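Written below as structure tokens is the structure these notes are about.
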Amino acid sequence: MTNLTDLTLANARDALKAKKISAVELADAFIANGEKHNPKLNAYITLTSDLAREQAKASDAKLARGEAGALEGIPLAIKDLYCTKGVQTTAASKILKGFKPTYESTVTQKLWDAGAVMLGKTNLDEFAMGSSNTTSHFGNVINPWKRKGDTTDLVPGGSSGGSAAAIAARLALGATGTDTGGSIRQPAAFCGITGIKPTYGRCSRWGTVAFASSLDQAGTFAHTVKDNAIFLKEICGHDPKDSTSSLNAVPDFEAAVGKGVKGLRIGIPKEYRMEGIPAEIDALWEQGIAFLKDAGAEIVEVSLPHTHYALPTYYVIAPAEASSNLARYDGVRFGLRANGSNLQELYYNSRAEGFGNEVKRRIMIGSYVLSAGYFDAYYKKAQKVRALIARDFTQAFEKVDAILTPTAPSAAFGIGENNDDPIAMYLNDVFTVPTSLAGLPGLALPVGLSKDGLPLGLQVIGRAFDEETVFSVSGAIERAANFNAKPEGF
Ligand code: GLN
């Protein structure tokens, strides 16, 4: 038997069903890895080892009775943006430190209903705002990967950096993330693992701490495309508690993974060949194109003419929605309450003390673009441009079945780099944000290594509610790339 923590989610599921391993021994192996590596990586804000053992025991009983759910006994990490009943949920913010929700988010409830086991709550950028996991009140997450011959600590990407690092370092078999502008795909690329943001509306947002409600979407991280297909299916579906969650049936994503790409048309958007992108990222993209051609797909150049406006549009809309969503943290109902001699002062002081700098920056941008004199010039204009960006994709998808792009414009960077330059930090999302604005599914998978030995990834984008084609295309790339590099020491 290989090391239990080296299993894929699919293999662990099969081994549990065949009773070759028990849920308790599997959970124990991951708990031990967490205790060993988390003090250095800081991937988890909260470890829930006792709860994991309890759930694993219940899973073994269900497996013995032949009543196993689709994820029975699978140990998962949960991004600390999902409310978990009775377990601290912080959004990595000081303002929510110690907050224990009295209810469970729909996504996590679905996971427990499917038999999954919770190892802990993972670290993130504060309120999911960031691309480096360096804005968390609970400290930076360290990427398990290092540059060749260099001990510099690197960022895991963000905002779901803790979830991505936990998978790469084998501290869980799968992890939930959320993606508003790239927060699943960019960290997956930086950590050499696979992650998917499904179509907007595929998953309920109920019980997930809100960042920008018209963009926020739940999704998954795991080692392989198939692992993500199995995992994602369990969190999708309509929820009466979230009117934006879709009524569409949830297909068998797993069956799509091995389907191949014969006869599929794959779009290559010419506007994504940007100046200043490292040559090795272009080369990786070419390699991905060659893999798909060899597997029988037809490659078609497409145009997404408004790509250039995606980042500024996102950085108007997302902060606008964030400034409104964050108004609820007033020191009265949740988390941190500062002193004040009257109500107004209590609000001011609680928010001043509770929110970090990046969150305050977003609140200020958001309030500005929504203010009476600027609403038309910024927010309304951004909404119009957003519609044009979505239309670009609709037109491209008249010609192609999926689109292939790089995931991020660089490999993982050092902690502290880009910190005093918010614009450089925002550029991380250049390839992921258009998909988010259009509400489309995007999957990021590792394809090769940079010259420094760091993972680099590609992104597969699909039509709305066509995650199946995304999984088929990604499966074909994964088989051809055969990426099996691992960070050292895990
Ligand atoms: N990096 C982007 C931002 O800071 C995306 C974050 C996300 O998807 N949650 O807004």
Side-chain angles (χ1 to χ4, degrees), residues 79-82 91-93 107 122-136 141 155-164 175-191 195-200 203 205 208-221 310-326 355-366 369 382 386 407-410 412-413 417-419 421-444 459 461:
K79 185 177 184 179
D80 206 16
L81 202 63
Y82 290 92
S93 181
V107 161
T122 54
N123 207 340
L124 62 148
D125 279 300
E126 186 178 359
F127 282 105
M129 296 170 188
S131 301
S132 58
N133 217 134
T134 53
T135 69
S136 166
V141 175
V155 305
S159 68
S160 315
S163 289
T176 58
T178 61
D179 191 312
T180 302
S183 276
I184 289 178
R185 293 159 286 161
Q186 184 253 17
F190 278 18
C191 291
I196 179 167
K197 174 200 102 73
T199 311
Y200 182 80
C203 307
R205 288 181 293 107
T208 311
V209 175
F211 166 8
S213 307
S214 77
L215 295 155
D216 294 345
Q217 195 48 213
T220 58
F221 290 101
L311 271 182
T313 302
Y314 172 86
Y315 278 100
V316 170
I317 293 175
E321 293 182 13
S323 70
S324 158
N325 276 326
L326 292 167
F355 288 137
N357 285 344
E358 183 59 27
V359 175
K360 286 178 184 159
R361 178 181 296 129
R362 307 265 181 137
I363 293 173
M364 286 191 281
I365 297 172
V369 300
R386 181 179 188 174
T407 308
S410 72
F413 47 86
E417 287 171 28
N418 295 340
N419 267 14
D421 185 352
I423 305 284
M425 193 65 96
Y426 296 170
L427 279 176
N428 269 284
D429 308 320
V430 67
F431 296 126
T432 49
V433 145
T435 325
S436 300
L437 289 168
L440 303 175
L443 183 148
Q459 173 182 223
I461 304 167

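Order of listing sets the numbers, starting from 1, for every ligand and every atom in it. Bear in mind the structure is a predicted one, so any value in this text is a computation, not a measurement.
- The atoms of ligand 1 that sit less than 4.0 Å from any heavy atom of G130 are 1 (N), 2 (C), 3 (C), 4 (O), 6 (C).
- Each of S436, S163, S159 was checked for a side-chain contact (heavy atoms from CB on, under 4.5 Å) with S183, and the lone residue meeting it is S159.
- Looking only at protein heavy atoms, the nearest one to atom 10 (O) of ligand 1 is Y314 OH, 2.7 Å.
- Residue A128 has at least one N or O atom closer than 3.5 Å to an N or O atom of ligand 1.
- Short contacts between ligand 1 and S159, defined as distances under 4.0 Å to a heavy atom of the residue, involve ligand atoms 9 (N).
- Here is the list of ligand 1 atoms found below 4.0 Å of a heavy atom in S131: 1 (N).
- Not a single heavy atom of A318 sits closer than 4.0 Å to an atom of ligand 1.
- Side-chain N/O atoms of S131 and Q186 include no donor and acceptor closer than 3.5 Å.
- Using modelled atom types and a 3.5 Å distance limit, the side chains of T122 and D80 yield no donor-acceptor pair.
- The heavy-atom pair separating N133 from S160 by the smallest distance is OD1-C, 4.3 Å.
- Counted by atom type alone, R386 and S214 present one or more donor-acceptor pairs between their side chains at under 3.5 Å.
- Checking Y426, F211, Y315 against atom 3 (C) of ligand 1, the nearest heavy atom belongs to Y315.
- D216 and Y200 are not linked by any side-chain donor-acceptor pair at a separation below 3.5 angstrom, with hydrogens and angles left out of the test.
- Looking only at heavy atoms of the protein, atom 7 (C) of ligand 1 is closest to S183 OG, 2.3 Å.
- Residue-ligand proximity, M129 to ligand 1, at heavy-atom distances under 4.0 Å covers atoms 4 (O).
- A donor-acceptor contact under 3.5 angstrom links the side chains of N325 and S213, judged on distance only.
- The shortest separation from a heavy atom of R362 to ligand 1 is under 4.0 Å, placing the residue in contact.
- Considering both main-chain and side-chain atoms, T180 comes within under 3.5 Å of ligand 1 through a nitrogen or oxygen pair.
- A side-chain donor from one of K79 and T178 sits under 3.5 Å from a side-chain acceptor of the other.
- Residue-to-ligand polar distances place G181 within reach of ligand 1: an N/O pair is separated by less than 3.5 Å.
- The residue Q217 has no part lying near ligand 1, judged by heavy-atom distances below 4.0 Å.
- The aromatic ring centres of F413 and F190 sit less than 6.0 Å apart.
- Here the protein heavy atom with the shortest distance to atom 2 (C) of ligand 1 is D429 OD2, 3.1 Å.
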